[in-house]
Amino acid sequence: MPELPEVETVRRGLAPRVEGHRIDTVVVYDPRLVMRSPLPPAEVLPGDRLERLRRRGKWLLGELESGLTLVLHLRMSGRLLAGDVGRPPERPPRATITLDDATAVHFVDQRRFGELMTLDADGTAALEARIGPDADTIGTAALRTALQRRARTVKSALTDQALVGGIGNMYADEALWGARLSPFRPCSSLSDAELRSLARSVRKVMRRALAAGGTSTRDGMYVDADGNPGWFAVELAVYQREGLACPRCGTTIERVVRGATATRLCPSCQT
DNA sequence: CAATTGACCTGCAGGC
DNA sequence: TGCCTGCAGGTCAATT
């Protein structure tokens, strides 16, 4: 599922093809995609120029000449596929944006959880205010600030976008394995050394996954802007590896369901 | 304040 | 072959 490394990989593939270009048309085939948008994208975006495509957490933010922002979230299965106008994508898109150089960007989204919005400056600021520091660069001090004095579990805090930006279920499990920490430890129980280890592990997992172009799991859901999968799945230690051996100590990886999501961990070396 | 649950959504795997 | 159930999980809202 798209988490920080996947969203950043999509951004890097898309940015050189869209930055500096004017939007010709925005065709929304599935109105649910833009349901939460305060301004109707199909009406306000054409004619505007995309100056910069940046990322905060799992959000993609297209800064427009007008001061508005084109805001995208891929959620579970969203893809942004760049192509040429007139060549349809292999699956029907929920929306298609065309640019002044005949580039088409298709929002394909099998599970239909993704969204597209147009926000003004205040709306964008409010959105960004609800996103914690990006996981790929977070330091020990920032992580301590995010987690300190909280009774909740460290995994729940790591995946809370308001506390840390960009970590989802998969990379939370991987980062906690790397730091040898149980996902169910209360934040308040973490020592300074454990916080330092966790911050280091979070950054390392994010950067290694980014270097591999993200993770395409067996469901084949994630691909980059050119339709190519990422290769980090071969480096996964615990995610979707229940029943297999822990790469560090050989103990069988467990899958534990808490709430709506599954957590994978090594019961011996994560304490 | 935090944990929990349901809603949203669809393709696929596994059981029978 | 076909039906049913569970599973994948990011985010938000409502509830405990």
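Throughout, protein chains are lettered first and strands after them, A, B, ... in sequence-line order, and every chain is numbered starting at 1.
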For a quick check of understanding: with a heavy-atom distance under 4.0 Å over all strands, which category does [X] fall into, base, sugar-phosphate or nothing?
{"X": "Arg36(A)", "answer": "sugar-phosphate"}
{"X": "Thr217(A)", "answer": "nothing"}
{"X": "Tyr222(A)", "answer": "nothing"}
{"X": "Arg91(A)", "answer": "nothing"}
{"X": "Thr159(A)", "answer": "nothing"}
{"X": "Arg32(A)", "answer": "sugar-phosphate"}

Contact under 4.0 Å: [X] side-chain N or O vs [N] OP1/OP2:
{"X": "Gln161(A)", "N": "dT11(C)", "result": "yes"}
{"X": "Arg75(A)", "N": "dC9(B)", "result": "no"}
{"X": "Ser156(A)", "N": "dA3(B)", "result": "yes"}
{"X": "Arg258(A)", "N": "dA3(B)", "result": "no"}
{"X": "His73(A)", "N": "dT11(C)", "result": "yes"}
{"X": "Arg112(A)", "N": "dG10(C)", "result": "no"}

Selected nucleotide, minimal atom distance to Lys58(A) side chain, candidates dA8(C), dA2(B), dT11(C):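 Within the option list, the nearest is dT11(C).
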Does the pair Arg52(A)/Glu63(A) count as a salt bridge with the N-to-O cut at 4.0 Å?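 Result for this pair is yes, salt bridge flagged.
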Donor-acceptor pair under 3.5 Å, Arg111(A) side chain vs dA8(C) base: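 It does, because a donor-acceptor pair links the side chain of Arg111(A) to the base of dA8(C) below 3.5 Å.
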Nearest-Å distance, [atom1] ([X]) to [atom2] ([N])?
{"X": "Lys155(A)", "N": "dG9(C)", "atom1": "NZ", "atom2": "C1'", "answer": "10 Å"}
{"X": "Arg150(A)", "N": "dA2(B)", "atom1": "CZ", "atom2": "P", "answer": "5 Å"}
{"X": "Leu72(A)", "N": "dG10(C)", "atom1": "CG", "atom2": "P", "answer": "18 Å"}
{"X": "Met221(A)", "N": "dC12(B)", "atom1": "CE", "atom2": "C1'", "answer": "9 Å"}
{"X": "Leu74(A)", "N": "dT10(B)", "atom1": "CG", "atom2": "C1'", "answer": "17 Å"}
{"X": "Leu60(A)", "N": "dG10(C)", "atom1": "CG", "atom2": "P", "answer": "16 Å"}
{"X": "Met35(A)", "N": "dA13(C)", "atom1": "CE", "atom2": "P", "answer": "11 Å"}
{"X": "Glu3(A)", "N": "dG10(C)", "atom1": "CD", "atom2": "C1'", "answer": "9 Å"}

Please find the pair of heavy atoms, one from Gly114(A) and one from Asp109(A), that lie closest to each other, and give the distance.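 In terms of heavy atoms, the two residues are closest at N-OD2, 2.8 Å.
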Phe113(A) over dC8(B), stacked by centroid distance under 5.5 Å, angle under 30°: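 It does: the ring sits over the base of dC8(B).
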Can you tell me if Arg54(A) has over 12 outside heavy atoms packed within less than 6.0 Å of its CZ?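 Count over threshold, so yes.
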Please verify the inter-ring angle class for Trp59(A) with His73(A); under 30° counts as parallel, over 60° as perpendicular, anything in between as tilted.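 Ring orientation, 0 to 90° scale: perpendicular.
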Please confirm whether Arg94(A) makes a cation-pi placement over Tyr29(A), using NZ or CZ under 6.0 Å from the six-membered ring centre and within 45° of the ring normal.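 No; the conditions do not both hold, so Arg94(A) does not lie above the ring face of Tyr29(A).
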Tell me, please, whether Phe107(A) has Arg79(A) positioned over its six-membered ring: NZ or CZ under 6.0 Å from the ring centre and within 45 degrees of its axis?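 Arg79(A) over Phe107(A) ring: no.
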